[in-house]
Amino acid sequence: MTNAVEMRGIRKYFASTDTLAVDGVDLAVAPGEVHALVGENGAGKTTLMSILYGMVSPDEGEILINGKQASIKHPNDAIRSGIGMVHQHFKLVPSFTVAENIMLGVERNTAGFVNARAESNDVRILADAFGLAVDPDQKIEDLPVGMQQRVEILKTLQREAQILILDEPTAVLTPQEVNELYTVIRRLADSGRAVILITHKLLEVKAAADQVTIMRRGKRVGTYPAANLTINEMANQMVGRTVLLEVEKQPAKPGEPVISAKNLLVAATGGVPAVFGVSFEVRSGEILGIAGVSGNGQTELVDAIAGLRPVESGEIHFLNQPITHSSVRERRSAGMAHIPEDRMETGLNLKTTLDENVISTSYHRPPFSRGWRFQFDEVRSFTQRVIDAFQIKSASVSGSVRTLSGGNLQKIVLGRELNGHPKFIIANQPTRGLDVGSIEFVHKTLIAERDAGAAILLVSVELEEIMSLSDRIAVMYEGRITGILDGETASEQEIAILMAGGHLPDSVPMGSPS
Amino acid sequence: MTTIASPTPVAQSRSWMRWLPILIGVIIVIIALAVLPSSLLQSSIRLATPYILGALASLIASRSGVLNLAIEGKMLLGSFVAVATLYRTGLDPSVGVLTATLAGGVLGLVFSLLYLKLRINLVILALAVNLFIENITVFFMRVSFGSFGTLADPSIRGLPSIQLPVIADLPVAGPLLSGYNLVVYFSWIMVIVVAVILYRTQFGRHMRAVGENIGAAESVGINVTRVQIFALTISGMLAGMAGSFLSIGVLSQFVEGMVDGRGWTSIVVSLFAFEKPIPAFFTALFFGFSEASSFYLQSRPEMSLPPDLLLAFPQLVTLGALVAVALRIRGNEILRRRRFVAQFGHELSNLRSGVVVGDVPPPKAIEADTDGSEHS
Amino acid sequence: MSEQTGIRRTLETIGVALLAIFLGLLASSIFVIIAGSNPVDAYQRLFCEGFGAKGCQTFGDLLIQTVVDEDTGESQAVFSLFYGEGGHKLALILERATPLILTALSATVAFKAGMFSIGMDGQFVLGALAAAFLGYWLPNQIYAIAGITDPELAPEGLKTIMHILMPAACLGAAMIVGAFYSWIAGFLKVKLNINVLISTIILNAIAVQFVGYMVNYPLRSDMNNIARTARIDDTAWLIPFNRGLFANADIEWFSGSRLGVGFIIAVIAAILVWYFLYRTTKGYEQRMVNGSPLFARFSGIPSSRAMLRAMLISGALSGIAGAIEVIGVERRIVDGFAGAGSGFDGVLVAILARESIFGILFVAPFFAGLEQGAINFQFGNLPRQLGNIIIAFIILFNSMEYFLRNRIAAIWRKRHVLSSPAAPAPTEASS
């Protein structure tokens with residue numbers, strides 16, 4: 001039987017971010033098959049599907065649809081080839097009705113006017129044919145998310161898609177809606193359609209997919225029948241396997257608790273809970289690592305602790321002071337440092353100079369300024385010290401930072417954040433996208449800060465990094481901490497179980513659902 | 001440098017607030033009919049015309065996702081072209097309306113190409129276009145017609161008033177609904193036409209989709225650039241026609257800078273009306289009334305009401321409306337957050353509380369995989 | 001810590017600006033031809049009248065003129081830009097550039113904090129109104145209190161003090177009024193996320209109408225055909241150089257121009273604004289908010305306060321501009337008065353100068369010179385509006401450059417990537 005989709009040797013390089021997003025990937029999906037495409041954020045799975053849907057043009061490689069070479073340069077070509085895509089962020093017009101959205105671009109016209117009644121009818125017939133009940137005349141903005149997704153699926157079916165791409169379809173659904181979705185997916189596959197499921201949730205793969213292709217860092221790791229692979233094995237293949245030099249570190253000598261969070265409730269941007277009842281504390285001189293597949297609430301947790309996102313309920317104490325609703329500046333002044341996930345947008349201002357970047361958190365205090373006036377000698381000598389201490393190459397004190405490499409940029413962030421030995425450091429994905437040398441440097445620096453008495457909260461999706469640095473390891477799954485393990489003795493397998501939402505025997509699940 | 005790209009929050013607003021302008025319009029009309037002299041009402045309706053057309057021009061553009069800040073310039077071009085055409089050809093005034101409309105359309109097209117193809121910053125582009133038109137009209141007035149300040153000639157005929165059959169004979173309503181020139185009637189028709197285009201045709205639906213969620217439009221293969229070029233061209237045509245009313249619909253002459261901020265006001269009218277044609281019509285009537293009463297009061301010194309303040313009044317109302325809409329959006333946000341805390345905070349407190357995970361639990365042996373299956 | 005002016009960048013910017021000016025002139029020459037003139041002649045006249053000395057006839061004369069010494073018959077080359085026999089172009093240009101510099105600074109301060117405020121017109125007229133009112137009312141109050149019936153007879157000591165205090169009071173009041181008016185738009189943005197451009201346009205219209213009302217009714221001084229306020233007291237007058245400081249110096253430069261202390265204030269303002277933006281922590285905050293809002297929030301920079309502060313400063317600068325136009329040049333407000341366009345022209349100057357403080361000091365006189373030159377078009381067959389047409393074209397070409405440069409950079413990058421033997425492996429990709 002010919003494959004519905006075949007992608008061969010796809011390669012895509014993004015000049016703007018200087019990343020090889022997809023590196024020689026092959027993918028084959030048969031009709032009637034549900035094919036899961038899994039991998040971490042940035043593994044290249046979304047880019048690969050954007051290529052298939054004509055939104056991104058590949059540098060190399062070819063695409064075959066039903067065995068025939070296809071040239072897909074635009075979503076229109078994809079639609080014509082029978083490909084439909086349900087995006088993670090729905091492409092719906094909120095003020096339009098269900099029927100108007102489904103028929104957008106393929107309107108039914110009568111005498112020059114849109115025939116709303118005919119469109120409603122069409123949609124009703126379509127919905128009945130696939131058993132996807134919707135009210136064609138309801139407005140999208142009044143529908144729950146699950147229903148909106150159904151409209152998206154109907155939109156592709158209206159265009160007679162034989163190949164459906166679903167990008168992170170369960171990310172925003174309630175458990176009940178998820179189950180309904182699985183049924184729908186199966187029904188679509190049974191009708192002979194090929195369904196590609198982009199996800200990083202491994203339970204979803206087990207529940208819905210026939211085949212699974214695992215991607216990591218732009219490369220295909222392997223393709224397996226979903227039934228033949230345990231969740232642990234999938235997790236192992238997904239997460240980082242970068243060979244790191246063993247980080248030399250002494251056993252931690254934890255002191256007093258520096259920061260504690262109690263029963264945190266934090267909303268995600270869409271208004272659903274992202275962090276649900278998380279509690280932990282970090283003591284001075286120890287590193288608490290937070291492991292987990294990305295998108296399980298780590299970002300929101302870090303934002304809440306750093307003061308960038310409101311805490312809806314629960315408390316945060318820092319050095320015995322309540323800081324739940326303190327401003328970023330108050331937290332930083334008290335001795336909190338934050339190495340952010342996204343150094344290009346959040347951690348640095350690429351439009352300005354190196355010195356202006358290294359003082360952004362302390363410019364308002366002596367020695368850098370007195371009153372309104374900058375003390376330029378101090379700023380300059382401090383910047384020079386950062387350049388020297390962190391060996392930032394090809395950088396000048398008041399030179400632009402735009403041209404520096406990722407490793408050097410991260411060193412600027414470190415130089416700024418670690419200035420004056422903060423009492424508490426949040427390190428969110430501190431080595432993402434760095435080369436091995438820079439990774440090692442960052443690791444050594446963090447250990448040195450720990451030994452100097454800092455409490456460190458390390459968030460990473462790289463299991464290796466978590467295991468080699470952390471003194472204790474907390475695992476996050478769906479906004480909860482599912483377990484905290486000892487860094488010395490925890491095994492990779494244990495962490496993988498917790499990451500996938502499983503329980504360790506006898507362990508107390510933290511903040512488990514009611 | 002710019003913070004302009006997204007339309008103001010007004011566009012997304014819903015529920016009873018959207019009927020408020022209509023309500024205000026209706027109340028004003030009723031009170032006006034009862035109290036005010038009919039000459040004032042007539043001139044209100046007449047002077048609302050540029051605002052009606054200008055607001056339609058503005059809302060068509062912003063409904064398709066481009067804030068058209070060059071309406072002022074497009075109107076002025078229309079004013080000039082209408083007079084220039086009639087002066088040169090001596091043809092029927094309606095020809096002037098036609099050429100003004102076309103000129104506005106051409107300018108709209110050029111504007112859209114400069115913005116969409118050359119990616120000139122929208123605000124800078126609009127400022128430059130307005131500046132250009134403001135000066136090029138005077139330039140040609142002098143170079144081609146040798147006039148200074150005002151371009152007038154007996155050969156330029158203004159648009160004649162047209163008495164509508166039947167309607168003109170109605171009591172009370174007759175004098176109010178009849179006796180205006182072509183452009184006035186046309187502006188009324190255009191309100192309906194634009195409403196029908198927006199809500200009842202494929203093109204209108206595409207425009208609204210582009211304006212509301214450009215990603216949605218792109219994903220179903222709508223050519224966004226083409227839709228926006230069309231919208232800006234139509235917007236330019238409406239603005240050009242509005243300009244022709246100012247020059248040959250009132251005095252049959254062109255005066256330097258005669259649009260005098262009405263283009264900017266039109267944008268505000270459309271914002272006030274939540275970018276909807278019918279409410280825009282009533283809002284424009286309100287602005288027309290303000291202007292007419294300002295002239296009316298000016299001609300009656302015994303009433304001693306300063307016209308400048310009267311002209312500022314609609315602007316103050318607009319500012320108030322912007323604030324009201326923004327407050328409502330802010331209120332909704334707070335409400336949503338409160339609801340979130342109420343729902344999930346409650347769920348949370350139902351869980352076992354008080355478990356601080358500070359202690360290191362002893363490592364546990366692993367007995368089975370979560371899903372229990374063993375892979376070889 | 002510097003206004004990012006690498007030498008290469010500066011040269012590039014200047015190069016692009018010159019190219020834009022050239023293209024602007026080229027495009028405008030279509031209209032010159034339509035008007036039946038020769039573009040080269042017209043532009044020679046434009047620049048000679050705008051920037052050159054009296055005898056200036058050709059582009060060549062602009063810089064150097066050959067003067068024949070009548071006694072010896074020898075010819076001599078004389079530097080003639082802005083100056084020459086009976087010339088006072090520079091003073092005229094700087095007089096007109098004064099409000100432009102201030103309103104352009106005003107726009108720049110707002111833009112640099114990410115606020116697209118074009119409220120300079122409103123702040124300008126309100127500032128002017130405040131100065132016109134105080135400059136007349138306050139001295140009269142003082143005379144009344146001091147029991148002086150004829151200001152001419154006021155004691156010299158009092159007059160000297162008032163000569164210092166009155167202008168200061170006018171400027172201060174104008175600053176406060178302008179700052180407050182600008183703050184309204186800032187507040188609406190920060191608290192309610194109302195588009196600054198729209199709110200400032202509305203506020204402009206309100207201010208202009210309000211000032212129109214004040215000039216026509218409460219503050220109208222006489223039954224002159226065109227309504228106008230009373231003339232400010234002499235003690236509130238910022239006396240022009242040719243009557244004040246240099247009255248006896250017989251410097252031709254200032255003859256006939258009303259250039260005065262206002263210009264010095266504008267230049268000092270430019271220096272202060274530059275110092276504030278690039279040398280103080282508060283200016284730093286404002287620039288960071290615009291450069292990268294996320295970064296500012298993450299670093300703990302108080303963004304809302306920075307934006308509001310920027311609006312206050314912006315408004316104060318426009319207010320000063322209005323005040324100087326009244327107490328330094330016009331001495332009263334006439335209904336629809338001449339300086340009223342300065343607010344909007346300042347926005348154009350700021351855009352042309354690409355928000356560079358240094359650039360404004362060059363662009364504003366250029367703008368003013370072009371305006372002056374264009375006025376003299378009228379003596380040919382060309383309307384002076386050609387000047388603004390040229391400016392509109394220059395703005396268009398100057399802002400097209402962003403696109404062109406990005407295009408070229410993108411093409412270059414693409415080629416660079418394709419020609420490199422192998423794209424780097426992902427692990428090293430961003431190192």
Side-chain angles (χ1 to χ4, degrees), chain A residues 11 13 15-21 23 44 59 217-219 242 306-308 327-333 338 340 342 345-353 355-357 359-361 363-364 368-369 371-374 376 379-380 398-400 405-409 416 433-438, chain C residues 1-6 8-9 112 114 272 275-306 309 313 355 406 409-431:
Chain A
R11 210 176 116 109
Y13 171 79
S16 54
T17 52
D18 191 27
T19 44
L20 192 56
D23 188 6
D59 298 331
R217 296 198 158 177
K219 289 203 168 68
T242 329
L308 296 169
S327 70
V328 175
R329 174 164 285 181
E330 283 161 351
R331 290 173 208 230
R332 283 183 171 278
S333 298
H338 181 186
D342 181 354
E345 284 287 318
T346 314
L348 296 167
N349 178 354
L350 295 184
K351 287 182 192 151
T352 186
T353 53
D355 50 1
E356 294 200 327
N357 269 292
I359 58 166
S360 74
T361 59
Y363 67 94
H364 57 292
F368 299 136
S369 63
W372 283 27
R373 292 194 56 212
F374 273 117
F376 285 102
V379 173
R380 263 190 292 271
S398 53
S400 168
S405 69
N408 283 326
L409 289 177
R416 178 183 67 219
L434 301 187
D435 60 309
V436 177
S438 300
Chain C
M1 302 295 281
S2 62
E3 184 170 9
Q4 299 225 341
T5 44
R8 209 187 123 221
R9 228 188 86 101
K112 279 212 180 277
L272 286 178
Y275 184 86
F276 173 78
L277 282 177
Y278 295 99
R279 289 289 179 270
T280 71
T281 55
K282 303 295 169 190
Y284 169 82
E285 285 175 356
Q286 286 169 210
R287 287 184 297 116
M288 291 303 121
V289 169
N290 182 32
S292 172
L294 255 175
F295 170 76
R297 219 162 82 78
F298 160 85
S299 300
I301 293 170
S303 306
S304 298
R305 240 186 296 161
R309 194 190 310 116
I313 295 171
E355 302 171 28
N406 287 344
I411 291 167
W412 184 84
R413 220 185 290 131
K414 208 169 187 180
R415 200 169 286 162
H416 178 69
V417 166
L418 291 179
S419 63
S420 64
T427 37
E428 294 136 37
S430 44
S431 64

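- One finds the NZ atom of C:Lys282 at 15.0 Å from the CZ atom of A:Arg373 (value rounded to the nearest 0.5 Å).
- Among the candidates A:Thr361, A:Asp342, A:Leu409, the residue making the largest number of heavy-atom pairs closer than 4.5 Å to chain C is A:Thr361.
- The CG atom of C:Leu294 lies 8.5 Å from the CG atom of A:Leu308; values are rounded to the nearest 0.5 Å.
- The CZ atom of A:Phe374 sits 13.0 Å away from the OH atom of C:Tyr278 when rounded to the nearest 0.5 Å.
- When every heavy atom of A:Ser360 is checked against every heavy atom of C:Ile301, the shortest pair comes out as O-CG1, 4.0 Å.
- Nearest heavy-atom pair, A:Glu345 versus C:Ser292, reported as atom, atom and distance to 0.1 Å: O-OG, 3.3 Å.
- In terms of heavy-atom pairs under 4.5 angstrom with chain C, the leader among A:Arg329, A:Arg331, A:Glu330, A:His364 is A:Arg329.
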Show your working on side chain to side chain contact (heavy atoms under 4.5 Å, CB included) between A:Val328 and C:Arg297 and close with a plain yes or no.
CA-CA 8 Å; A:Val328 175; C:Arg297 219 162 82 78; 5.7 Å; no

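- Cation-pi geometry between A:Arg332 and C:Phe298 is met: the NZ or CZ atom falls under 6.0 Å from the ring centre, inside 45° of the normal.
- For A:Gly371 against C:Thr281, the heavy-atom pair with the smallest separation is O-OG1, 3.8 Å.
- No side-chain heavy atom of A:Leu350 sits less than 4.5 Å from a side-chain heavy atom of C:Phe295.
- Counting only distance, with no hydrogens or angles, the side chain of C:Tyr284 and the backbone of A:Glu356 share a donor-acceptor pair below 3.5 Å.
- The most heavy-atom pairs under 4.5 Å with chain A, out of C:Gly283, C:Ser299, C:Pro293, come from C:Ser299.
- Contacts of A:Arg416 with chain C are made by side-chain atoms alone, with heavy-atom separations under 4.5 Å and no backbone atom involved.
- Atom-to-atom distance recorded for C:Met288:CE and A:Thr352:OG1 is 4.0 Å, nearest 0.5 angstrom.
- Looking only at side-chain heavy atoms (C-beta outward), A:Tyr363 and C:Glu285 come within less than 4.5 Å of each other.
- Remark: the backbone N or O of A:Trp372 is not paired with any side-chain donor or acceptor of C:Arg279 at under 3.5 angstrom.
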